[in-house]
Each structure stands twice: as structure tokens, then as C-alpha cells.
2 protein chains.
Amino acid sequence: MTPGEVSFILEATVSKTFWKQEKFAAGRGAPMGEVRLRDIAERLGVSVTTVSRALAGYNDVAPKTRQLVLRTAREMGYYPNLTARQLQRRRTDTIGLVVDVTGPRFSDPLFSELLAGVGNRAAREGFDLFVATMLPDTDDELQAYRRLVRGRRVDGIIVVRTRVADRRVQFLLEQQFPFITFGRSTITDHVSWVDVDGERGVQMVVERLIAAGHRHIAMLQPDLPLMFALLRERGYRRAMRAHGLPVKETWIVRRPLTEDGGYQGMQHLLRLRTPPTAVVAGNDQMAIGAIRALQDRGLRAGSDVAVVGFDDIPLARHVHPSLTTLRQPIYEIGQHLCRLLVAVLRREADGPRHLLLQPELIVRESARL
Amino acid sequence: MTPGEVSFILEATVSKTFWKQEKFAAGRGAPMGEVRLRDIAERLGVSVTTVSRALAGYNDVAPKTRQLVLRTAREMGYYPNLTARQLQRRRTDTIGLVVDVTGPRFSDPLFSELLAGVGNRAAREGFDLFVATMLPDTDDELQAYRRLVRGRRVDGIIVVRTRVADRRVQFLLEQQFPFITFGRSTITDHVSWVDVDGERGVQMVVERLIAAGHRHIAMLQPDLPLMFALLRERGYRRAMRAHGLPVKETWIVRRPLTEDGGYQGMQHLLRLRTPPTAVVAGNDQMAIGAIRALQDRGLRAGSDVAVVGFDDIPLARHVHPSLTTLRQPIYEIGQHLCRLLVAVLRREADGPRHLLLQPELIVRESARL
DNA sequence: CTGTTAGCGCTTTCAT
DNA sequence: ATGAAAGCGCTAACAG
């Protein structure tokens, strides 16, 4: 919004005395660049095999030898070359995550929380995390997956925002590559997933809106074929039908899943002959946009039009009026995704695993329920 | 804030007919699990070397042979095993990023934007991104770095929030491992960095506060020895001194870099005998906490007490009153970090590179300047 | 132009 | 209890 004032850039080597120079003990934390098993073996006059086994903790090494190897390895600062190990073991102990970063001002609050959940759990399970970013519009999305899968850079993949006919899911199935999705997809067999029950969540919200007297209830849906949108719409229709209320197709508006999208969508709804008195948005950003559109028309969310979001991002309780929303426990979802995928990788899982979490309705000011 | 209602969890295999089953063309996108150079070579009756060179685009392969190899490779669905290639080439073409995810409700808006910048640039430069997460309190922080460096999992590292005597920087220097930092550190030689000139930024802000009539100006600083805090404090002191204003040490309050920290810190300041009329916070979250503390005392940020944040997170323009803040162009910073690091890795850089960006003052309601 | 040879650093039979 | 040998899949120096 702020006109982008060009910031002054200085690219140069700053003088050494520009600011206080603190000396670190150049310490004898030796450099010891490149210690291989072989180096230890040669030093000790044993074979590489023995060193390898001693370090791996096999029991067919003489205690005395093991001690010696262990000590020497520490002394020499040995650290295994993970790449070599991966090649030999034919696995990477790494989990892949492809995230479509939406341009410069991307900062999906859900994402960092998901990453935290996945990452922490992965570390706990002894797995590394590999993150590939890509602009979602660029069609080399599959390219990124191909790289991870075919290049054997990871052992398993987490797919994050499932779409209705998800090529990524299709690809991974074809490749018979281990993966788990956040969100269901149109294929459910042989696919592990974690999801939040948006269908039921929205159904419940709509029912509570109806109970509160609302009859004209609209949906601000994403303009992409996202799986969660499809399911939530089903919940919406079911609730309306259950109460004998007609669903006017013009009440279902599809816009980008952004604040601006919500703004546009709400504007559109307000221009209808019979504008809705309540709106369920695809996510909190859209809901916030909708609130803003109402304000610009002199209306107030909560009293004039009820607005419900989805996700409960940190911002939700800060906007005015604060946002009534369906909360998704993203951090926990991240942990579950990782946990279940690891179970599959370790073959602890007999078949695909499914985990359906219920969203929690957080009632605030934008919709009194 | 909301009492954590236990969400209902269902972990089970959902029936296959639970929802519409869409058939994907089982397509002949064959599985072709494991095609090696050798497989192509054998099929064609040439040597592995020839195949490798043809694929790599060397010019010492007969055009006819090259064509044949290329076609066969495509037919057989060949994709190089990246691990093997890494081992042989002795490089990974991967950049590492260690992020300290602060617990469950972590969602640093800056982080996702930084990641987007780094990731997109990395992809453009032909590099992969490796992300390690860890809880910051756990002292195995260095462990994570050691793994990346000594395990040779990455070629270079981006260190993100420099501290005053940064062990990570020290470690990487000792290891003579290529890296770049976001934020300066107490060592500047041989270290490449990108930073935002918080010293000058804060100095300017304080001067404008003084020009607006403020005399009692406080700082809400982080309670950790972060490098940026040290530098900004210097800017603050300089501005005060330049105008002959005393700096009361009680005006510099150190609290966690969170909304709550800002809240606590502001409360503390309000209890002083001479409370400040203006506050410069360590980041936007702290500033928001400060605003809240003011509200709880019946005061209003902007009119009663001026509050200035730092970063310009998306939330900043949404809070009430909206936040006056110093904007950091995080996405661009991510790109620069990646760009400069890659230059170092490619040895295009003669020495360490430094890039100092000026923050942009965004004036909103919380401090009229 | 192409093939032979020699690894990258590690793990893992299989003998001894 | 230890070592020799055989790779994991790829690249690259060196002959021819």
C-alpha cells in the first residue's frame, strides 16, 4: 500500500574499524577439515571396516578396539560424510516439503507454523527436512517434485494443499513414492493424509448462523480447485438443505484466497439484489478483506453482516472487529504429518493412515454465535 | 487466549466410498523406478562414460550418439541420482538455513517472507534449500550447524539472526565454511553479511520524535544479546546525545521479543516516576504489546504516547491504532543473502561482501511524525 | 570420438 | 574379532 520509496543501497566493504572488533579466542577448535574413516583406520593400523563397525556400535568389535576407535575419532574430529552414507544406505533420512511461495509479499502465517511442527518432529525422529520453494503459477511445480523423487533427494514427501485433481498426488502414486498429504484428495486409497474436517465445521457454523436468524448466507470461496473448498461447500449446502433454505448460486463467490480477494468478493455480494446477511470465508485473510469491504460501505461486520473466517491466524484476534473463525491446529498438524509419514517410511504402518481433526469454533466479534 | 477445547480426533481408515472416487488415467506415466546410467549404456551397447558425457552436454560425443542417448534416456525415464552425483562432485548445490522455531505458536511473519526470498533465488541459481529447525533453547543449536557443515550436507549456510558473540559465526569461521549472515556480528572480517541499518534508522526516528517535542524517549529492547539491538541502541543514544538529552537507563527495558514482552515492558515504563512519552520497540510484536498496555491504562498510542515498531509485518497496518514502523524489505534481503552466498560459492566474489540497506519509515497512527 | 580405469566415503557380506 | 572385497551411481583423467 505504501508507495515503494526506493531504499538506499550501499554495497561495499565496510572498513574494519567501523565498529568494535571483538576478538574470539582463535581457540584450538581445530579446522580438521576432512577426516575420513580411512584416516582413522590408518592412524590405528586397523581396517576401515573395523572403524565403521566400532562407530556404528556393532557388538562384533573388541571392547578395547572400540574404545580406541571412539577416542581417536573424537580426537581427530571425525564426522561422517552424510552424502556417502546416503548413497550406500540408499536412503536419505530426509523428508521433503514443497511450498508454493506466493511472490514477494508472501507470508502465510500458517506456513511457518506448519514448518515448525514438521521440522521439530522430524528432528525428533532423526529426519532432516528439505524445503523446495517455487512460485505456484510457474508450471515447473511437478519439476520440483520430480527432482525430489527421481533424484532421490528425500525418502518421503509432505504435500501441503491438496487440489481436486491433484497432479502431485497422481505423480507420487505413479512413482509409488511414500508421501502424505495435508488435506484429502480425490484419491483416497493408498494415500495417507491428515485433514481438518471443514465439511463438518462449516456445516456447524452455518447451522449456528441459521439458528441466529440468518437466512441469506453466502460463501467466499477460493478461485482455485482446492480440495478443502469443495468439502466445505458440501457442508454449507447440507446445512442449508437441512433447514429448507435455498442456495442461490450467486451467493457462492470465487476469488483469490487473499485479503483483496475477500474484499472484491464482498463488494460483489453487496451489489446483489438480495445481499447476504452472513458470509463464510475461505480463510481469515479473505474474511478480513470482507470486513473491510463492509466498512467501506458503512456497514459493520458482526452487527450488520456476520463474517466467519477459517484458520485462526494470529491476526484474527487483532483486527476490528475481531474475527470469528474456525481454528486449525496447524502446528499439531505438522507434527502429525511428520509422524505418520515417518511411520510409513519405517514400515511401521500396515497401510495408509488417515487422521481427521475437528476444527474449533472461535467466536469473536465478527459473528456472534 | 481461548481455552483449549480438546478437539475430537478420529484416526482411522475412511471407507473407500466415503467420497467421490475420481479415476485418474492410470496413464502410461510408467513407474520406471530405478534407471541408471548403466542401464542406458547397456541398452545402447556403449559405455557409461559416453552416456554420462552425452547427457552432460559435452562436445566430445558424436552428434548421432548424443541424440541416441538423449532419446533413450528420455524413453527410459532416466533421472540422475543426485546423491551419487553429490558424492562424486564433492558438492551438494544446496544452501542451508537453520531456523529456531519458537515453540508451538511460532509464526514469525518475517520468516516466511525470508524463506520465500531465499528459496526463489536459490531455485533460480540452481541451488536447493535445506532447512533445519530447532527449538532455540535446546543447546544443540551448534549440533545442527555441525551436521550441515561436517556432514557436508550443504555447500554454504545462511545465518539469520546474529547475536553479539555469535557462536555460530565463530564455528563457521573456524571450519572455514562458506556462509553469510543476516545482520552483522562482532566479527566483520571474512564474513559476508546483509543488514538493515537499524542504527541510522533508530537515530532518525528518535530525532523526529525529538523534533515532535518528545523528551522522554524509551526503548523496548529484546532480552537477548542480539546484534541488531546493540546497534539500534547506539543510534538511540547518539540521537539523544546530539540533542543534549539525558538517557535514563531505566528507559531501556529488556524483554522477550514478543507481544507479551512488549506489554510487560510498557507496563514497567508506565510505573516509572517519569514515564516516557515515546517508545521505540524492538519489533512490531513488541510495539503491539505496548499499545495494548497503554490501552489497558486508558491511554492511547499516538496521542498520549508515541509508539514506533520495527519490521512492518503485515499485521502492522491492521492493528488499532495502526503502527508507525521501520520497514525491512525482508523478501529482498532473502534474495540478496542467497545471491551473495552463491557468488561466494562460485568464487565470483573476491572477498567477503557487505550490503547495508536503509530501513524505510512508515508513518501511521501510533506515532505521528 | 569412445572406453578403461579410478575413485568420491561409506556400509556390508563373506571369509578367516 | 577383524579384514578383504564389492559395491551404491556418478564423474573425470587419461589413453587410445
Side-chain angles (χ1 to χ4, degrees), chain A residues 32-70 72-73 76-94 128 147-155, chain B residues 32-70 72-73 76-94 128 147-155:
Chain A
M32 58 182 99
E34 197 77 339
V35 186
R36 286 116 71 237
L37 285 186
R38 201 178 130 197
D39 299 315
I40 301 176
E42 280 174 358
R43 172 97 91 96
L44 258 40
V46 297
S47 76
V48 174
T49 316
T50 302
V51 177
S52 172
R53 277 185 303 216
L55 256 26
Y58 280 61
N59 56 1
D60 58 351
V61 181
K64 219 183 296 182
T65 317
R66 174 193 332 302
Q67 290 311 322
L68 193 59
V69 169
L70 254 45
T72 312
M76 300 178 72
Y78 172 76
Y79 201 100
N81 180 317
L82 267 14
T83 306
R85 178 179 284 179
Q86 283 172 17
L87 179 59
Q88 150 64 32
R89 285 196 181 150
R90 251 144 307 179
R91 66 191 156 86
T92 60
D93 291 321
T94 304
D128 284 326
R147 185 174 176 76
L148 295 191
V149 174
R150 306 301 315 280
R152 302 225 121 59
R153 289 229 67 178
V154 301
D155 294 342
Chain B
M32 59 181 98
E34 196 76 339
V35 186
R36 285 116 72 236
L37 284 186
R38 199 176 132 199
D39 298 316
I40 302 176
E42 279 174 358
R43 172 98 90 95
L44 257 40
V46 296
S47 78
V48 174
T49 316
T50 302
V51 176
S52 173
R53 278 186 301 217
L55 257 24
Y58 279 61
N59 57 0
D60 58 352
V61 181
K64 218 183 294 182
T65 316
R66 174 191 336 300
Q67 291 311 321
L68 193 59
V69 169
L70 254 45
T72 312
M76 299 178 73
Y78 171 76
Y79 201 99
N81 180 317
L82 267 13
T83 305
R85 178 178 282 179
Q86 283 172 17
L87 179 59
Q88 148 64 31
R89 285 196 180 150
R90 250 144 306 176
R91 65 190 156 88
T92 59
D93 291 319
T94 304
D128 284 327
R147 186 175 174 77
L148 295 190
V149 173
R150 306 302 315 282
R152 304 225 117 61
R153 288 228 66 177
V154 301
D155 295 342

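Throughout, protein chains are lettered first and strands after them, A, B, ... in sequence-line order, and every chain is numbered starting at 1. Hydrogens, waters and symmetry mates are skipped; everything else that's a heavy atom, side chains included, is used.
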Whole Å only: how far is the [atom1] atom of [X] from the [atom2] atom of [N]?
X: A:Asp60; N: C:dT11; atom1: CG; atom2: C1'; result: 13 Å
X: A:Leu87; N: C:dG7; atom1: CG; atom2: P; result: 17 Å
X: A:Gln67; N: D:dA1; atom1: CD; atom2: P; result: 14 Å
X: A:Arg53; N: C:dC10; atom1: CZ; atom2: P; result: 15 Å
X: B:Leu55; N: D:dA12; atom1: CG; atom2: C1'; result: 15 Å
X: B:Leu68; N: C:dC1; atom1: CG; atom2: C1'; result: 15 Å
X: B:Leu37; N: D:dC8; atom1: CG; atom2: P; result: 13 Å
X: B:Arg38; N: D:dG7; atom1: CZ; atom2: C1'; result: 10 Å

Tell whether [X] reaches the base of [N] with its side chain through a donor-acceptor pair below 3.5 angstrom.
X: A:Thr50; N: D:dA1; value: no
X: A:Thr49; N: C:dT12; value: yes
X: B:Thr65; N: C:dT2; value: no
X: A:Gln88; N: C:dG9; value: no

Mind checking A:Asn81 for me? I need base, sugar-phosphate or nothing, with any heavy atom below 4.0 Å counting as a touch.
->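 A:Asn81: backbone/sugar contact only, no base atoms under 4.0 Å.
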
When all nucleic acid strands are considered with a 4.0 Å heavy-atom cut-off, which category describes B:Val48: base, sugar-phosphate, or nothing?
->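 The residue B:Val48 makes base contact.
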
Between D:dT11, D:dA1, D:dG3, which nucleotide has the shortest distance from any of its atoms to the side chain of B:Ser52?
->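 Nearest to the side chain of B:Ser52 among the choices is D:dT11.
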
Going by heavy atoms in the side chains, are A:Arg66 and A:Val69 under 4.5 Å from each other?
-> no

Quick one: are B:Tyr78 and B:Leu55 in side-chain contact, heavy atoms under 4.5 Å?
->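 Yes, at least one pair of side-chain atoms sits under 4.5 Å.
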
Thinking salt bridges, do A:Arg85 and A:Asp93 make one under a 4.0 Å N-O criterion?
->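 A:Asp93 and A:Arg85: not salt-bridged.
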
Would you please confirm or rule out a distance under 4.0 Å between OP1 or OP2 of C:dC10 and any side-chain N or O of A:Tyr78?
-> yes

Distance in Å, B:Arg89 CZ paired with B:Leu82 CG, rounded so as to fall on 0.5 Å steps |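 So the gap between those two atoms works out to 8.5 Å.
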
